[in-house]
Structures are given as C-alpha cells and as structure tokens.
Amino acid sequence: MLKMRYKENAIETLLFLASAVTVLILFLLCIFLFREGISLFHEVSFIDFITGTAWYPTADPHKFGLLPLLFGSLIVTAGAIIISVPLGIACAVYISELATPRVAEILKPFIEILAGIPSVVYGFFGLVVLVPRLQNFLNLSTGQTALTGSVMLAVMALPTIISISEDAISSIPSYIKEGSLALGATKWQTIYKVLLPAAISGISAAVMLGMGRAIGETMTVMMVTGNSAVIPGFPSGILEPVRTMTATIALEMGEVPQGSEHFHALFAISSVLFIMTFLINLIADFIKKKYRFKEAI
Amino acid sequence: MENIKNENEVEIQVKDLDLWYGENHALKEVSIGISKNGVTAFIGPSGCGKSTFLRCLNRMNDLIKSCRIEGQIFERSKNIYENDVDVVELRKRVGMVFQKPNPFPMSIYDNIAYGPRIHGVDKKEIDGIVKQALHSSALWDEVSDRLDSSALDLSGGQQQRLCIARTLAVKPDIILFDEPCSALDPISTNKIEELIMDLKKDYTIVIVTHNMQQAARISDYTAFFLNGEIIEFGETKQIFENPQEKGTEDYITGRFG
C-alpha cells in the first residue's frame with residue numbers, strides 16, 4: 001500500500017511540474033521581453049516612443065515612433081472585427097439553431113479546416129487573388145491596403161469566433177428556448193431576444209479572442225498590407241497601405257545588430273503587443289467568468 | 001363536486017390522437033374532453049406518455065423532428081393540427097409551465113414583459129401587465145422592490161411562480177403545467193398548488209404530475225395514462241375512491257409505478 005502511495009505522489013508531482021513549466025516559460029518570456037524592451041529607454045525617452053509619429057529606424061537621427069505601427073495594427077484589426085463578427089455570429093446561429101444536424105456536421109469540419117491553413121497560405125492567396133482584384137475594383141493605386149489585411153484576417157478569425165460563439169449558444173439549456181417558444185415567440189424572436197443575450201458572454205469572449213488572433217497575426221498582414229509606416233487616416237486609411245507592429249518586427253528583426261537601439265526598439269514594440277494581447281485575453285476571460293450562464297436552479 | 005361549474009363546457013376535445021417518435025408508438029388513440037375552468041390532472045408511471053400528450057396541446061412536439069402525429073385536437077372548435085393554424089397564436093392562448101423553472105437570464109421585470117413585448121403590446125401597458133401578473137402569481141410582495149434584479153437570483157419556488165407570472169402575462173385561456181413541482185421543496189410546492197387552485201377560476205388548467213396526492217388535492221378530473229393510452233378518465237374523487245379499472249387501482253394503491 002505504501003508503495004502505491006509513493007507512486008501516486010510521484011505522478012502527482014510530475015504533473016504539477018509539467019503545468020508549472022508553462023507558467024515558468026511565460027514568466028521568463030515576460031522578463032526577457034521587457035528587459036530588452038526597457039533598454040530602449042536608456043537612449044530614447046519613453047514619451048517619445050509612445051507618442052512618436054514617425055518610424056525611421058535606419059535614418060539619421062533615428063526615429064522610433066510607435067504610433068504609425070500601433071494605428072496600423074489597430075485599423076487592420078478593427079476592420080477584421082467589423083467584417084468577421086457579424087459573419088461569425090450569423091454562422092454560429094445558423095449552425096446551432098437553424099441547420100439540420102446533417103448540414104451542421106458538414107459545415108463544422110470545413111470551418112475547422114479554415115483554422116488549420118498556415119498563415120503564409122492566406123497571405124499568398126491574398127497577395128495573388130485579393131490584392132489585384134481590390135485594386136481594380138476600387139480603382140486604387142495599390143491593392144496592398146489595410147482593408148486587404150482586414151479581409152484576410154477576418155477569414156482567419158472566423159473559425160475562432162464561430163466555434164466559441166456556437167459553443168456559447170448551444171450551451172444554453174433547451175428548456176430556456178422552449179420557455180420562449182411556449183409564450184408564442186417565433187424562432188427568430190427566440191434567437192434574437194433570448195438566446196443571443198443569454199450567450200452574450202461567450203460571444204464577447206469569442207470576439208475578444210478573434211481580436212487577439214487578428215492583432216497578433218504576422219505573416220498574412222505582412223504580405224498584403226503594403227508595409228508603409230505612416231499613420232493611417234480615418235477612415236480613408238483603410239484603403240491605403242499600412243504597417244502593423246507584428247510586420248515591423250518580422251521585417252526588421254533579421255537585419256538589426258543585436259543590442260542596438262533598433263534591436264531594443266523592436267523589443268519595445270513586442271512588449272506593447274504582448275501587453276495588448278494579454279489584456280485582451282484577460283478581458284475575454286473576465287467576461288466569460290462574470291457573465292457565465294447560470295443554471296436556473 | 002360543487003366546484004365544477006359549466007360541467008358540460010369542454011375547452012379541449014381530443015379525438016383519436018396517435019403519436020409516434022420515429023418507430024415508437026408513444027400515444028395510442030387518445031380521446032379526452034377537457035373541461036373549461038377546471039383542473040384536469042394526468043397521472044401515470046414514467047414514460048406512459050402523459051407529458052408527451054400535454055405537449056401536443058400547444059404543439060410543442062413540433063420541435064421534435066422525429067415526431068409524427070395523427071388525430072385531431074379541437075380547441076375553440078378548431079383543429080389545432082390543421083395546416084393553417086398559427087402556432088404562435090395557439091401558444092399565446094395555451095400557455096405552458098415546465099418541469100424545471102426556466103426563467104430567462106434577464107431581470108424579473110423583463111422576464112414577464114417578454115411575452116407582451118413580442119406580441120406587440122403597447123409600452124405604456126406593460127408596467128400594469130407585469131404588476132398584475134406578479135400579483136396573480138402571488139410573487140409581488142416578495143419581489144416588488146427588486147424587479148430589476150436577475151430572475152436567476154430567485155429561489156427555485158419563486159422562479160417557478162415567475163414562470164407562471166410570465167405565462168399569465170400573455171393572457172392565455174389554458175395553462176399547461178408539466179410536473180411544475182417536481183424540482184421544488186414541499187413549501188414551494190404548497191404555494192404552487194394554492195396558486196393553481198386560485199387560477200382555475202379564470203383559466204382552464206391541465207397538469208401532469210407524478211405525485212398522486214397532488215392530483216387528488218388540486219384536480220377536478222383525473223386521467224390515468226399507461227403505455228400511451230388513457231386507461232381511465234373521470235372525476236378525481238371517483239378515480240381515487242372508486243376506480244373502475246384494475247390498472248388504475250393498482251397504480252393508485254401503489255402496486256406499481
């Protein structure tokens with residue numbers, strides 16, 4: 001019996017260590033990222049970095065202004081969310097409430113495949129198919145715009161938004177739905193006035209996670225948004241080339257000398273990106289917990 | 001049975017109703033007349049078809065794809081299974097309270113206002129309807145000071161009375177109760193029973209119950225279901241004191257079920 005106990009304890013400890021490693025990795029990542037990022041502020045003032053409107057890392061003198069990149073990321077992400085949220089929720093409602101089980105079974109794997117496609121493939125598709133068509137259709141000087149990035153990111157965020165929203169809607173007990181129908185509500189009234197409000201926490205979490213995915217995406221946006229580091233106008237900027245934070249890091253990291261100002265500036269951007277995605281995930285988690293659907297009894 | 005007025009007035013007339021779930025023949029040639037402004041109880045062992053039958057009366061079985069129904073149910077001399085029947089209108093007239101309290105995850109007020117709102121009742125009237133529904137369901141004194149708080153914060157018994165109030169708010173003629181007390185404690189059960197006794201003045205009530213004492217206490221008529229058939233139907237007193245069928249007697253005296 002004692003031997004058994006030791007074995008149990010050993011397994012428990014092992015599993016604890018395994019999960020502790022993930023926390024440790026996150027912790028180390030944080031330290032490293034922030035340490036390298038903060039080094040920038042020995043040379044450039046924090047205010048200049050945060051409020052700088054120009055990003056000329058190789059000019060003389062250097063300009064490490066975050067704003068063009070931050071707004072680049074924000075406009076592309078906002079566009080992606082505006083496109084993908086209505087589409088994603090509509091899809092989730094259709095799959096969970098309206099589709100026959102057979103149609104739902106056919107649809108779901110396709111949506112999952114969408115999530116499995118490598119981002120470079122999306123980028124390639126965007127570059128070859130979407131960019132020239134958008135350019136011709138809207139008569140632009142270049143099809144590599146924030147909008148192109150938004151469209152591609154919207155497609156990429158869809159699987160997350162659909163599957164989490166669908167979970168949220170399906171998890172509402174059927175007796176709630178019956179309660180509404182029994183009062184003489186139509187199917188649509190039931191969906192719109194009972195199911196969606198009841199699932200709002202899950203849907204909000206889905207939107208936040210989709211947003212997290214969009215803001216962190218690198219390869220696709222780098223390939224289709226044109227990468228010009230200017231602060232985009234609003235709303236006209238959506239049809240102009242932009243450069244996101246992620247694309248900047250990916251494009252420039254290979255060329256900077258380690259330990260240089262530019263190197264630290266890229267880490268400072270990474271830190272900003274990290275904080276943003278961290279906050280987004282935190283908010284998603286908070287909403288999920290706070291408004292989780294309570295059982296009636 | 002002095003308390004049965006209008007003894008001949010039948011609110012719901014069911015003729016030879018058959019129902020199948022896929023291959024399973026769940027209701028067999030059920031015929032019954034349900035009296036207006038009375039309480040009719042359906043009793044019987046689990047799986048005997050009493051809940052299934054109840055759900056035929058407001059066409060809730062429409063939601064089940066594999067369900068097939070033959071026969072006729074007349075309400076207001078109209079067969080509710082005709083093709084041109086407006087199910088929304090039907091369910092507005094035939095309210096239903098479920099086994100498990102199922103308030104919507106919104107405020108107490110909004111729960112009750114939901115029905116009138118979807119049926120396009122004028123905004124100005126809704127306050128009054130909510131108040132009246134809460135009074136009729138004996139919930140007003142307990143919740144009048146917190147109409148804006150979540151319905152899910154109420155106790156199980158209060159939630160069930162809220163569901164009754166919600167049903168009353170759409171002003172039905174008939175209310176179907178599907179084992180409304182099975183998830184409740186004895187005190188809450190008692191309150192719901194008193195409420196049902198009170199409501200029968202204005203509504204025709206059909207209640208499915210597992211609890212035979214409950215049927216005996218509150219109903220005027222009782223139908224005993226077994227294996228998808230009505231074995232016996234009559235005045236509650238007669239069913240419990242002098243059952244004509246052996247099956248009814250066996251069930252009532254606790255020999256099975």
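Heavy-atom basis, side chains included; hydrogens, waters and symmetry copies ignored.
Around CZ of Phe125(A), the count of heavy atoms belonging to other residues, nucleotides or ligands within 6.0 Å does not exceed 12. Under a cut-off of 6.0 angstrom, the local environment of CD in Glu193(B) is crowded, with over 12 non-hydrogen atoms contributed by other residues, nucleotides or ligands. A 6.0 Å sphere centred on CG of Asn83(B) holds no more than 12 heavy atoms belonging to other residues, nucleotides or ligands. Within a 6.0 Å sphere centred on CD1 of Ile113(A), other residues, nucleotides and ligands contribute more than 12 heavy atoms.
Atom CD of residue Gln189(A) and atom CZ of residue Arg117(B) lie 13.0 Å apart, to the nearest 0.5 angstrom.
Only the side chain of Leu63(B) comes within less than 4.5 Å of a heavy atom of chain A; its backbone N, CA, C and O stay farther away. Both the backbone and the side chain of Ser180(A) come within contact range of chain B, with heavy atoms under 4.5 Å apart. With a threshold of 4.5 angstrom between heavy atoms, Arg166(B) approaches chain A through its backbone and through its side chain.
When all heavy atoms are compared, the tightest approach of Met106(B) to Val194(A) is CE-CG2, 4.3 Å. When all heavy atoms are compared, the tightest approach of Ile176(A) to Phe104(B) is O-CE2, 3.4 Å. Scanning all heavy atoms of the two residues, the minimum distance from Tyr114(B) to Ala185(A) falls at OH-CB, 3.6 Å.
Note on Leu90(B), Val87(B), Leu176(B), Val88(B): by heavy-atom pairs under 4.5 Å with chain A, the leading option is Val88(B). Contacts with chain A were tallied for Lys92(B), Met60(B), Met96(B); Met60(B) has the most, counting heavy-atom pairs under 4.5 Å.
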